[in-house]
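Here is the structure we will look at, set down as structure tokens.
Each chain gets a letter, A, B and so on, in the order the sequences are listed, and its residues count up from 1.
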Protein chains: 2
Amino acid sequence: MDISKILDHIHQLPEQSKLALQNNVTEIASSKGHILLKANKVEPNIYFIKKGLVRAYVERDNEVTFWFGKEGETIISMKSYVEDQPGYETIELLEDCELYELKTENLRKLFNEDVHIANWGRKFAEKELIKTEERLISKQFKNASERYLELMKDHPELLQRVQLGHIASYLGITQVSLSRIRAELK
Amino acid sequence: MDISKILDHIHQLPEQSKLALQNNVTEIASSKGHILLKANKVEPNIYFIKKGLVRAYVERDNEVTFWFGKEGETIISMKSYVEDQPGYETIELLEDCELYELKTENLRKLFNEDVHIANWGRKFAEKELIKTEERLISKQFKNASERYLELMKDHPELLQRVQLGHIASYLGITQVSLSRIRAELK
DNA sequence: GAAAAAAATTAACAAATGATAAAAAATGAA
DNA sequence: TTCATTTTTTATCATTTGTTAATTTTTTTC
């Protein structure tokens, strides 16, 4: 998905504002397995995914995957982006990726100069917020098996592209539990 | 907490922009038990809490509380605010409240006219997003007992002001489980 | 302050999920 | 292909959380 479409998909922008954003974007490619972004560091960039798949995880005893990003989605260390503080997430590429890179510093300048871009940034955060809130509520309502079925329905392609250990972690269960759930559904 | 302080606390605003916001705010009072905002309706206002305590819940078989709001916080039906669609949450006042009311329609006008207010709205969404993301991760990492201890640490006053049934629901467990956890901690 | 109602706790058993280990299947490298 | 490695499944037992019902405690109302 190319940058123009990605930007508009977040929130429609006047041509001039969109160009201002696009002028600050550089394209990079990176291969499967690469760690794009490390936890506990202030990340100076955000990325838009042109092609490929990534996951965000937090490290404790084990790794807990809490987000998958695919074509058209935005990779952000929220803490870095919002508060200029070290983030908790590590981003790993699950496939070879083509990314658009945008310096947070430049984006902030644009936020202060252009009301359309400021509202575009607002819309972005608001939409992400709704997605996150819905996931939180889903977690509170549904058991593991229901959450798995929901994921299958909403993002069936993930099951083709991501190994089950990551899916299990995303669902908040162990891989062994996920295997059991899948066996029961047969 | 008065409106000027609430607005600045979300994100520092130039005096003129703050006044523009304040001019659109009206003060209301409402009493404990009142349902401020009903699920499945487009809510035309947002509210800032001057005084009091509220909860947001979703109804299924049971009620699932997923948010508490107290002095200084903002009451929003996210779906209404962001997408002009019926929201999933009901807001109940847990104490007598004094609220500031702001029409979403007016706020949207201000977002388009004033870059400072647009960025203020962006910051608001971003901060809420971080809070929600952290809760999601906490839910993925911690068991019920750990989440209870975390809540006790971060928001001890809630335990004084809210009945345990709502706390249990917020933690994603039954009230009986919460009682058991509390008994074990003694 | 007594009675009624609501909230919180306790107990016993059921169901869901976790942990560990071993086996089977799939994937990748030489 | 073949061997080694990684991923997934299966099985067993432990732990956590849920369900239901009864009891105690607290709050509200008259």
**Q.** Results of side-chain hydrogen bond (donor to acceptor under 3.5 Å, both in side chains) for S30(A) - residues two or more places apart only
**A.** H34(A)

(Q) Quick check for you: name the first and last nucleotides of DNA chain C, 5' to 3', having an atom under 4.0 Å from a heavy atom of chain A. (A) dT17(C) to dT20(C)

(Q) Please list all pairs meeting ring-ring contact (aromatic ring centres under 6.0 Å, His included) that have one or both residues in residues 152-186 of chain B, counting only residues at least two apart or in different chains. (A) F68(B)-Y170(B)

Q. Where the side chain of R161(A) meets the backbone of L94(A), is there a donor-acceptor pair that is under 3.5 Å apart?
A. no

Q.
Can you pull out every ring-ring contact (aromatic ring centres under 6.0 Å, His included) where at least one residue sits in residues 81-130 of chain B? Sequence neighbours excluded, please.
A. none

Q | Distance-only polar pair, side chains of S17(B) and D114(B), donor-acceptor under 3.5 Å | A | yes

Q) Roughly how far, to the nearest 0.5 Å, is CG of L107(B) from CG of L102(B)? A) 5.0 Å

Q) Taking atom P of dT6(D) as reference, at what distance in whole Å does atom NE2 of H166(A) sit? A) 13 Å

Restricting to nitrogen or oxygen on both sides, can you table the protein-nucleotides 9-11 of chain D pairs closer than 3.5 Å?
{"from": "dT9(D)", "atom 1": "OP1", "to": "R182(A)", "atom 2": "NE", "distance (Å)": "3.4"}
{"from": "dT9(D)", "atom 1": "OP1", "to": "R182(A)", "atom 2": "NH2", "distance (Å)": "3.2"}
{"from": "dT9(D)", "atom 1": "OP2", "to": "S179(A)", "atom 2": "OG", "distance (Å)": "2.7"}
{"from": "dT9(D)", "atom 1": "O5'", "to": "S179(A)", "atom 2": "OG", "distance (Å)": "3.4"}

(Q) Tell me which pairs pass salt bridge (charged side-chain N to carboxylate O under 4.0 Å, His left out) where either residue lies in residues 73-91 of chain B, with sequence neighbours left out. (A) E134(A)-K79(B), E73(B)-K131(B), K79(B)-E83(B), D84(B)-R108(B)

Q) Using a heavy-atom distance cut-off of less than 4.0 Å, which residues of residues 134-147 of chain A contact DNA chain D? A) none

Q) So which pairs with a foot in residues 172-181 of chain A pass side chain to side chain donor-acceptor pair (under 3.5 Å), sequence neighbours left out? A) T174(A)-S177(A), S177(A)-R180(A)

Q) Which part of the nucleic acid, if any, lies within reach of T174(A) when heavy atoms closer than 4.0 Å are counted: base, sugar-phosphate only, or nothing? A) sugar-phosphate

(Q) Quick check: on DNA chain D, is the nucleotide nearest K32(B) upstream (toward 5') of the one nearest I173(B), or the reverse? Name the residue that is more 5'. (A) I173(B)

Q | For R147(A), all residues meeting side-chain contact (heavy atoms from CB on, under 4.5 Å), sequence neighbours excluded | A | S138(A), K139(A), K142(A), A144(A), L171(A), I173(A)

(Q) Restricting to side-chain hydrogen bond (donor to acceptor under 3.5 Å, both in side chains), what partner residues turn up for N143(A), sequence neighbours left out? (A) none

Q. Does the distance from a Lys or Arg side-chain N to an Asp or Glu carboxylate O, for E71(A) and K50(A), drop under 4.0 Å?
A. no

(Q) Let me test you: for the helix from dG1(C)-dC30(D) to dA30(C)-dT1(D), what is the angle between the axes at its two ends (five pairs each), rounded to 10 degrees? (A) 50°

Q. Pairs in or reaching into residues 4-15 of chain B: which pass salt bridge (charged side-chain N to carboxylate O under 4.0 Å, His left out), with residues at least two apart or in two chains?
A. D8(B)-K18(B)

Q: For the pair T104(B) (side chain) and P44(B) (backbone), establish whether a donor and an acceptor sit closer than 3.5 Å, ignoring hydrogens and angles.
A: yes

Q | For atom CG of N62(A) and atom P of dT7(D), their distance in whole Å | A | 15 Å

